[in-house]
**Q** 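The structure is given below, and queries will be raised subsequently.
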Amino acid sequence: MAKTVIRKKIEVLVDMPLLSRIEKLAEQAAIKFFMVLPTRGGGTEQGRWYDDRVTGGAGTKVLFSAITTEENASNFINALEPLLDSYGIIVTRSDVEVIRSAKF
Amino acid sequence: MSLYLMAAIGLKGGVEVNSAGFTPDLIVAALAGLALSCLIPIGAFFALRSFGRLDAVNASAVAAHYGSVSVVTFVTGAEFLTTNGMGAAGYMVAVLALMETPAIIVGLFLASRYGDKSKGSAHQTRGELLHETLLNGSVVLLTGSFLIGLIAGKDGFAPIAPVFETGFRGILCLFLLDMGLVAARRLREAKSLTLRLTVLAIIFPVVNGMIGASLGALVGLDAGSTAALAILAASASYIAVPAAMRLALPQADSGLYLTMSLAVTFPFNIIFGIPFYTYLATTFAQG
């Protein structure tokens, strides 16, 4: 059986216009593996959102998902902290098992 | 579909300017458009603060939307004018592109001048905001396709004309149908839209359209271009400005400014506004 190693998975739900900033912070935190997933819609305490494809991304959210080491994950979350309240960003962190850990 | 509409209107405008050549009217219309885009948000801001009872940050964000323009409203208006035999000059596309961004800068100035500085912070980098303001997708696409049309001229445009002319009205109809559905959904979900703000979302385009028509006639534009300027003044952005405001003024309620511009002002302009501004422009241009 392939050997697995524990890594951290961080998911950031963010408004589309802010995505480039999140990507830059991830790069600064030495995160190598990430992907950006579109969302069709959802809800928060402020109400619902939809990907209506006409409003320049202002009303659209994307899910930034990264897998990295514990140290990089902590650095990334610390860098995100000042943005959390003002931009209403949702961040989750969890353990995942990965194969070929050097890639993360 | 919006990419197609923007590219088509930009190309056609550029080709028309290539045929007609640069005229002093182009400079006059550009200056009139810039003035409207800078001044409209100021009036809107104070109306939103007093009658609309909005706080300064939300009033600034909403005001910026009304100073900027809606490409689809302009495209629909241009088709309406052409159908009625009073097509606007090709250079109005350049005026449209010019009017996209000044209102964002004025809106941000109003927010920094009157906003509560203790309430949240944008944390945005200046470069990021400048990029979003000056090089947002719609500005680049409109300006780029306008320049391509300008360089290509009628002969260069001919081979691609079937794509951008034949299907244009059909695509516009489909896009408007889609926009109607989006607007209806936004209206249904609107939580912060009060009756006073709904009234303002209808009064703003009427007043701004009247100002645009008066200014166009005053500076001597032809009836079609005056109507186009009125339509631009009356329209409210829902593409370029929301994205910039989300970056720069995250504490402003995006549900509010999107609902006002997209779910109230946009359909009002399409159904009632465009014929009204055209009537005004015709009357003022004759007077």
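Note on naming: letters A, B, ... go to the chains in the order of the sequence lines (proteins, then strands), and numbering restarts at 1 for each one.
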**Q** Could you report the tightest heavy-atom contact between A:Pro17 and B:Ala243, atom names first, then the distance?
**A** CB-O, 3.8 Å
**Q** Got a sec: does the CZ of B:Arg196 have more than 12 other heavy atoms crowding it under 6.0 Å?
**A**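 Above 12, so yes.
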**Q** Tell me, side chain or backbone of B:Phe175 under 4.5 Å from chain A's heavy atoms, or both, or neither?
**A** side chain
**Q** Between A:Tyr87 (side chain) and B:Gln251 (backbone), is there a donor-acceptor pair under 3.5 Å?
**A**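 Not a single qualifying donor-acceptor pair exists.
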**Q** Just wondering, more than 12 heavy atoms not from A:Asp85 lying within 6.0 Å of its CG?
**A** no
**Q** Just how far is it from atom OG of A:Ser86 to atom CG of B:Leu249, taken to the nearest 0.5 Å?
**A** 11.5 Å
